[in-house]
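So the structure is just underneath, and the comments pick up after that.
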Amino acid sequence: MAEESKEEQKPSVSFIEQFIIDDISDGKNNGRIHTRFPPEPNGYLHIGHAKAICLDFGMAQKYGGKCNLRFDDTNPVKEEVEYIDSIKEDIHWLGFDWEEREYYASDYFGKLFEFAVDLIKRSLAYVDDQPADVISAQKGTPSQPGQSSPFRNRPPAESLDLFYRMNEGEFAEGSRVLRARIDMSSPNMHMRDPIIYRIIKAPHHRTGENWKVYPMYDFAHGQSDYFEGITHSLCTLEFEVHRPLYDWLIDQLKTSDYRPRQIEFNRLNLTYTIMSKRKLLELVREGRVSGWDDPRMPTLCGLRRRGYTPESIRNFVDMIGYTKVEAINDVSLLEYAVREDLNKKAPRVFGVLDPLKVIITNYPAGKVEEMEILNNPEDESMGTRKVPFCNEIYIEKDDFMENPPHKYFRLAPGTEVRLKGAYIIKCESFRKNEMTGMIEEVFCTYDPATRSGGEASDRKVKGTLHWVSARHAVDAEVRLYDRLFDHEDPAGQKDEDYRKFLNPGSLKVLSGCMLEPSLRNAEPLDKFQFQRLGYFCVDYDSTPEQLVFNRTVSLKDTWAKIRK
RNA sequence: UGCUCCGUGGUGUAAUUGGCAACACGUCUGACUCUGGAUCAGAAAAGUUCAGGUUCGAGCCCUGACGGAGCAACCA
C-alpha cells in the first residue's frame, strides 16, 4: 500500500521554477513567460553559459513561453562581431532556437537615450563633470556612506544641454558622465548615484559612429528586458546586489502592471578547469592551447571538438541543478554524462593505440577472413560490420607481458586469450630486441574451433583483447587529452597564478596507431567507442590520408587500479 | 568592521504547507560477460556549521555566534 506515494513522487523543481509556477498561478504579467539569453559578444560560450541557456530556453519551453537571444553590446571597445556567429552556432548546436527574436541592446540606444533625458527632466539624473577617481572616492566604501557630487543639484536644463553635447562628441572621453540621482548614503554601493552613461568614441559594431555616449550595463539590461516584454530575467548570483537598482529603474520606466523580474542563480564551476572568459582568452593568446576550440577548453566549441554531444551537456546541466549555493561541480559527473550518452550511440570499433605485432603461426599466410562483429551490443539495431582477420595482427603493447603479475588476464607466454569476434589464441613464444630489450613480435597459435559463433566458441578464457589486422589496418594519429589543470580549483588559489597549475600532460599525441579499416572514411566529429579504451571522435584536422582522432573520455579502467 | 546572499555524506542536489534525511556522481565489494572498462546487485559514507529558543515534533520557523561568497569598474 506504500506504492501510491512512490509513484506520486513529483520531480522536484528548482527555486527558480517554483517562482515561475507561483507567478503564473498569481496571474502576474497575465501568466506570460518570456525569458532571454543575453551574452556579451566578447568571447566564446563555455559550459557555464550552457547552464544559463538550458534554464532560459528550458523554462520558456516548459511553460509555453518564449526566449529571446539578446546580445548585450553596450561596450564597443570590448566587443567584436567575430563572436556573434560563434555564439549563435553554439546555441543551435546545444539544441535551442530563438526563432526570429535575435535582438541587440544596441537596438534600444534611441529609447534608452530618451529614457535618460526623461530622468534628467524629472531631476532623477544629472551630468557630473568630475573625473573617475574623484567620483569613485566620493562613493565612499561599503562601510562608509558616500558624499554628494557638487553637480548633484545641477538644474535639469543644464544637465540636459550637457548630455546632448556629450553625445555630439563635444567632450573628451572620461570628462563627463550621466548619473542616476538615487541615494549617496545607501548601504548598497550600486544605489550611490550610479553612472548610467559614459562617453566612448570608439565605433560600435552595429551603430557605427551614431553615438558618442553609451549606456552602462545597469541602465541597459533591465530596460531591454522591459522593451522586449521579458517576464523573468535570470542571471548569476553576482548580480544580486544590482537588483534594487534594476527595480528602481523599472519603477521609473513602467507605465502599466507589467514588470520584469530578476532572479539570480549559482554560476557553474567545474573542477580542474577555469570558467573566466578573460583567463580563457589568455590561454588562447599565450598559445597555451591551440585556440578557443582546443578540446581541453571548457568552451562549447572545445567540448564539441572533444566529442561531447549536446545531449550529454544538457543532461549534465540537468543533474547539477540551480541553487544559490556557490558550488564547484565535479568534472567526473560531466564525464559520466558523455559516457552514458555515447554508450548508447557510439559504434564500437577496434583501434590499437600502441601496437605490438602478433603472428599466428598456424594460420594460413595468404588467408583473410571477414569477421562479422556487432556494432553496438547495447543496441542491436545498429547492425554489424565486417572486420578482416589474417595471420598478422596488432594488439596493444600492454596486453602482453613477458612476466605477468598475479591476476593479469591478458596475453603472456603459455596463456590463452580471446581475440574479440575472432579466435582464441595461445602465446607460444616471442622475439625480443637484444639491444633494447623491447618485445617486438609475439608468436601464437590459434584454435580454429573457437571462432566466434563456432562450436567451441563458448570456451572460457580470462581475457578478451581487441585487435586489428596488420595488413589491413589504417594508420592514425590519436590525441589523448587529460584535464587542463592538475589542481581542482586552479583559479581559486590566493596569491597563486592559475597558470602554475597547468597540467603538463594534458595532451599526448600518439602516432602510428592502428585502426580497423572501416574507419578510413570517418568524417570530422564522427564518434566511436574504441573497445576497451574509451570514446573517440574524428578531429577537424583529419584527412583520409592522415586520420586524426581525439579521445573524448576513457572508459573506467579497473585494471589500472589493480596495478597500483 | 556596512549591505546582500549562502552553509545537508567526499562532490553536487532532494526532503510534500515543520513529521525521525533521499537521489546521482565518486569510492568499495560481489555477480555476470567474447569490452578487466558494458551491464547488474550490494555496501560504506551526513544526523543537516555551532549554541540557544518556539513546538508533541525542526534540515525546514526565531535569535545569536562561526565560516564562506559577492558588492567600493566611466566592464558585463
Side-chain angles (χ1 to χ4, degrees), chain A residues 5 8-12 14 38-40 42 72 74-75 77-79 128 131-132 135-137 139-146 173-179 186-192 195-200 213-214 216-218 220-221 235 237-244 264 266 271 277-278 319-337 339 343 348 350 373-374 376-378 407-410 417-422 424 450 452-453 457-466 488 529-534 554-562:
Chain A
S5 64
E8 277 304 304
Q9 207 174 49
K10 285 183 209 159
S12 60
S14 71
E40 183 186 14
N42 68 344
D72 222 334
T74 55
N75 188 352
V77 306
K78 281 178 64 186
E79 295 145 10
D128 195 324
I135 291 177
S136 170
K139 270 199 178 165
T141 69
S143 51
Q144 293 165 304
E173 284 187 15
S175 63
R176 283 181 172 79
V177 290
L178 184 69
R179 293 229 255 167
S186 169
N188 183 337
M189 297 296 291
H190 296 276
M191 299 299 272
R192 320 241 264 228
I195 291 167
I196 56 176
Y197 261 96
R198 76 291 210 189
I199 300 169
I200 297 176
V213 291
Y214 289 88
M216 298 286 288
Y217 164 84
D218 285 306
H221 202 95
C235 62
L237 248 25
E238 65 270 28
F239 291 103
E240 213 154 22
V241 285
H242 292 244
R243 198 185 335 135
E264 311 85 12
N266 60 344
T271 52
K277 272 195 210 174
R278 197 198 87 232
M319 288 188 280
I320 61 176
Y322 300 90
T323 69
K324 303 189 76 162
V325 187
E326 303 218 25
I328 174 154
N329 294 271
D330 200 331
V331 252
S332 50
L333 191 58
L334 213 212
E335 293 170 345
Y336 164 80
R339 284 198 193 98
N343 181 39
R348 296 241 143 176
F350 294 156
I373 297 178
L374 222 45
N376 189 346
E378 301 287 308
K407 284 201 149 186
Y408 184 77
F409 295 170
R410 288 116 102 144
V417 293
R418 157 151 322 263
L419 295 177
K420 187 167 172 68
I424 291 175
T450 57
S452 292
S457 68
D458 54 348
R459 222 177 89 201
K460 303 282 186 231
V461 286
K462 278 186 293 184
T464 301
L465 307 186
H466 60 281
E488 269 204 355
Q529 184 195 101
F530 286 10
Q531 268 193 338
R532 301 209 301 141
L533 298 177
S554 65
L555 256 26
K556 286 176 274 184
D557 186 350
T558 52
W559 166 245
K561 230 170 288 162
I562 294 171

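A note on names: the letters A, B, ... follow the listed sequences, proteins ahead of strands, and every chain is numbered from 1. Hydrogens, waters and symmetry mates play no part in the numbers below; they use all other heavy atoms, side chains included. What you see is a predicted model, and the numbers here were worked out from it, not measured in a lab.
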| How does protein reach along nucleotides 38-49 of chain B, written 5' to 3' as B (base within reach of a heavy atom under 4.0 Å), S (only sugar-phosphate), or - (no contact)? | SS----------
| request: Quick one, give me the B/S/- string for nucleotides 66-73 of chain B, reading 5' to 3', where B means a protein heavy atom under 4.0 Å from the base and S means that only happens at the primed atoms, P, OP1 or OP2. | output: ---SBSBS
Work out how far the [atom1] atom of [N] is from that of [M], and round it to whole angstrom.
N	M	atom1	value
B:C23	B:A45	P	15 Å
B:G64	B:G2	P	13 Å
B:G37	B:C28	P	12 Å
B:C66	B:C50	P	16 Å

Whole-Å distance between [N] [atom2] and [X] [atom1]?
X	N	atom1	atom2	value
A:L333	B:G10	CG	C1'	14 Å
A:D330	B:U11	CG	P	10 Å
A:R192	B:U4	CZ	C1'	14 Å
A:Q531	B:G36	CD	P	9 Å
A:L334	B:C25	CG	P	14 Å
A:K277	B:A76	NZ	C1'	8 Å
A:K462	B:U35	NZ	P	16 Å
A:I196	B:A76	CD1	P	13 Å

| request: Convert the base pairs of RNA chain B into dot-bracket notation, remembering that pairs crossing earlier ones are written with [ ] and that bases paired across to another strand are shown as |; include only Watson-Crick or G-U pairs under 3.5 Å. | output: .((((((..((((.....[..)))).(((((.......))))).....(((((..]....))))))))))).....
Contacts of type side chain to side chain contact (heavy atoms under 4.5 Å, CB included), residue [X], not counting sequence neighbours:
X	value
A:P142	A:M189
A:E488	A:T271, A:Y272
A:V177	A:D128, A:I135, A:R179, A:I195, A:R198

| hbond_proxy A:S452 side chain to B:C34 base (donor-acceptor, 3.5 Å cutoff) |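 Yes.
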| field | Base B:G36 paired with A:R410 side chain (donor-acceptor, <3.5 Å) | value |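 In this structure, the two groups form a donor-acceptor pair.
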| query | side chain to side chain donor-acceptor pair (under 3.5 Å) with A:N42: which residues, sequence neighbours excluded? | reply |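 Partners of A:N42 by the side chain to side chain donor-acceptor pair (under 3.5 Å) criterion, ordered by chain and then number, come out as A:E40, A:K277.
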| Quick one: side chain to side chain donor-acceptor pair (under 3.5 Å) partners of A:H466, sequence neighbours excluded? |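 Side chain to side chain donor-acceptor pair (under 3.5 Å) check on A:H466 returns A:E396, A:R532.
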Distances under 3.5 Å only, N/O to N/O: pair up the protein atoms with those of nucleotides 61-63 of chain B.
none

Apply ring pair (Phe, Tyr, Trp, His ring centres under 6.0 Å) to [X] and list each qualifying residue two or more places apart in sequence or on a separate chain.
X	answer
A:F350	A:W467
A:Y408	A:W559
A:F239	A:Y217, A:H242

| query | With a centroid cutoff of 5.5 Å and a plane-angle limit of 30°, would you call A:Y336 stacked on B:A24? | reply | no
| said: With rounding to the nearest 0.5 angstrom, report the NE2 to CZ distance, A:H190 to A:R243. | reply: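 Taking NE2 in A:H190 and CZ in A:R243, the distance rounds to 12.5 Å.
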| query | Can you tell me if the side-chain N/O atoms of A:T74 get under 4.0 Å from OP1 or OP2 in B:A76? | reply |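 Looking at the OP1 and OP2 atoms of B:A76, one of them is under 4.0 Å from a side-chain N or O of A:T74.
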| remark: Note: for A:E79 and A:L419 on RNA chain B, the residue whose nearest nucleotide lies more 5' is A:L419
